[in-house]
Amino acid sequence: MTLLHKTYGKGRVRVMRVHREGARHEVRELTVQAMLTGGFDPAFTRADNSTTVSTDTVKNVVNIVARESIALPTEDFCRAVAQRLLDAYPMVETATVTAHETKWARLAVDGTPHPHAFTLDGNGRATATVRMSRETMRIESGVAGFTFLKTTASGWANYVKDPYTTIRETDDRLAATSMEASWLWARPPADYPAANARILGEMLRVFATTYSHSIQDSLYRMGQAALAAVPEIETVSMACPNKHYLLVDLAPFGLDNPNQVFVATDEPHGQIECTVGR
């Protein structure tokens, strides 16, 4: 039998690059697949891995190029990864690098673009729920899957530590969440869309412009701001997964990583929920 075709590599390498120019940050999140062809027949046909590059190594190359090329656009980034793979491994004949970008739009606070806070492009879905009986009616509005992040002004410290604890304290991390939120109306506002926009705007203003000691800390203060901004609502409920962007350890490759290259991971995630009322 003949081996007619072969290729392998690394898929779903999720890399977030943060380009810092003073207080202003740019974020570029990619999901990368890097596939190789070349002299890898022995691994398939003779159980001989001596000419085969580990897929974990391919992932490391993507992260190394990310650190060295923080500001490159997607096309040039893919080209740089492919070139590095060809330069490093003579047995590689072709390197095909594909990247899908997750687009983040800069958040505006009071009409001014914020330097380090972003919302997911094409973000979220507005929701409304009416529960009616012959005697009562409850109306809730909200948003589902509304995703936002900031690249600094967030930390996690002074938590319970015991033999099961491995996470390290930090006072500067990338904080992100995909929020499910709803608010219960005590009475109808003059304009539902305008009031809903004001509620969400106040929540995002608090998230973007104040230091976050935790997602819990931010959520409570976001709920307070929403209630203060719109007197017609009675409660605000929020459920937020803590979307993790973990700092990539580049020390084995002689590179530092001053909060610029992160790996995105959705599972497992912290799940933080609360309801704030008057």
Side-chain angles (χ1 to χ4, degrees), residues 9-36 55-88 95-108 113-123 147-156 167-168 170-178 207-208 212 215 241-267 269:
K10 201 73 165 180
R12 292 191 59 80
V13 181
R14 301 181 61 191
V15 60
M16 167 71 87
R17 293 176 291 159
V18 179
H19 182 213
R20 298 168 179 253
E21 293 183 339
R24 184 179 174 86
H25 298 175
E26 300 283 348
V27 296
R28 295 176 173 87
E29 181 175 352
L30 299 176
T31 301
V32 179
Q33 177 175 283
M35 299 297 290
L36 310 177
T55 64
D56 189 68
T57 299
V58 175
K59 177 260 297 179
N60 290 340
V61 169
V62 172
N63 288 329
I64 289 167
V65 173
R67 175 65 185 91
E68 296 174 346
S69 310
I70 290 294
L72 282 184
T74 302
E75 293 81 1
D76 289 337
F77 178 78
C78 290
R79 179 180 177 180
V81 172
Q83 189 64 61
R84 181 66 58 87
L85 290 166
L86 290 169
D87 290 346
T96 302
V97 181
T98 305
H100 296 275
E101 183 172 4
T102 299
K103 294 288 289 182
W104 293 93
R106 190 173 298 279
L107 176 65
H114 195 274
H116 61 252
F118 303 83
T119 60
L120 192 67
D121 195 39
N123 201 6
T147 304
F148 47 96
L149 70 79
K150 59 182 177 180
T151 53
T152 190
S154 174
W156 177 242
I167 191 170
R168 296 179 180 177
T170 179
D171 61 3
D172 186 10
R173 66 173 180 171
L174 193 156
T177 189
S178 180
F207 178 81
S212 174
I215 297 297
N242 194 344
K243 293 171 67 69
H244 295 295
Y245 288 84
L246 306 177
L247 202 64
V248 177
D249 181 10
L250 297 174
F253 315 109
L255 298 172
D256 65 351
N257 188 5
N259 282 359
Q260 289 187 291
V261 179
F262 301 81
V263 58
T265 176
D266 293 328
E267 299 173 349
H269 62 246

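Start at 1 with the first residue, then count along the sequence.
For the atom pair CZ of R84 and CZ of R79, the computed distance is 13.5 Å after rounding to the nearest 0.5 Å. A distance of 9.0 Å separates CG of L246 from CZ of F262, quoted to the nearest 0.5 Å. For the atom pair OG of S69 and NE2 of H19, the computed distance is 11.0 Å after rounding to the nearest 0.5 Å. In this structure, CG on L149 lies 6.0 Å from OH on Y245, to the nearest 0.5 angstrom.
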side-chain contact (heavy atoms from CB on, under 4.5 Å) assessment of T119 paired with W104: CA-CA 6 Å; T119 60; W104 293 93; 5.6 Å; no
Candidate pair H100 and T98, rule side-chain contact (heavy atoms from CB on, under 4.5 Å), full reasoning: CA-CA 7 Å; H100 296 275; T98 305; 4.0 Å; yes
Evaluation steps, side-chain contact (heavy atoms from CB on, under 4.5 Å), between L107 and F118: CA-CA 5 Å; L107 176 65; F118 303 83; 5.7 Å; no
Residues F77, V32; criterion side-chain contact (heavy atoms from CB on, under 4.5 Å); working and verdict: CA-CA 10 Å; F77 178 78; V32 179; 4.1 Å; yes
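Shown here for S178 and T147, the closest heavy-atom pair between the two residues is OG-OG1, 3.1 Å. Here the closest heavy-atom approach between residue T74 and residue A99 is recorded as CG2-CB, 3.8 Å. Closest of all the heavy-atom pairs between L72 and A80 is CD1-CB, 4.2 Å. For D266 against K243, the heavy-atom pair with the smallest separation is OD1-NZ, 3.2 Å. Nearest heavy-atom pair across P115 and A23 is CB-O, 3.2 Å. Annotation for H269 and N242: closest pair CB-O, 3.6 Å, computed over non-hydrogen atoms.
V261 pairs with exactly one of I70, D249, L247, I64 by the side chain to side chain contact (heavy atoms under 4.5 Å, CB included) rule, that one being I70. For the side chain to side chain contact (heavy atoms under 4.5 Å, CB included) criterion with L85, the lone passing option out of V65, L36, T57 is L36. Under the salt bridge (Lys or Arg N to Asp or Glu O under 4.0 Å) test applied with E26, the options R106, R20, R17 reduce to a single match, R106. Residue V248 forms a side chain to side chain contact (heavy atoms under 4.5 Å, CB included) with just one option from V15, L255, V263, and that option is V263.
A donor and an acceptor atom, one from each side chain of H116 and T152, are nowhere located under 3.5 Å apart. If you check the side chains of R173 and S154, you find a donor sitting under 3.5 Å from an acceptor.
One N or O on the side chain of R67 and one on the backbone of D256 form a donor-acceptor pair closer than 3.5 Å. A donor-acceptor pair under 3.5 Å links the side-chain atoms of N259 to the main chain of D172, judged by distance alone. Using a distance-only test at 3.5 Å, with no hydrogens or angles considered, no donor-acceptor pair links the side chain of T151 to the main chain of L174. At least one donor-acceptor pair under 3.5 Å links the side chain of N257 to the backbone N or O of Q260.
By the ring pair (Phe, Tyr, Trp, His ring centres under 6.0 Å) test, H244 is found to be paired with no residue, residues two or more places apart in sequence or in another chain being considered. Annotation: ring pair (Phe, Tyr, Trp, His ring centres under 6.0 Å) contacts of W156 (sequence neighbours excluded): Y159.
One finds a salt bridge joining D56 and K59 here, because a Lys/Arg side-chain nitrogen approaches an Asp/Glu carboxylate oxygen to under 4.0 Å. By the 4.0 Å N-to-carboxylate-O rule, E29 lies close enough to R14 to be salt-bridged with it.
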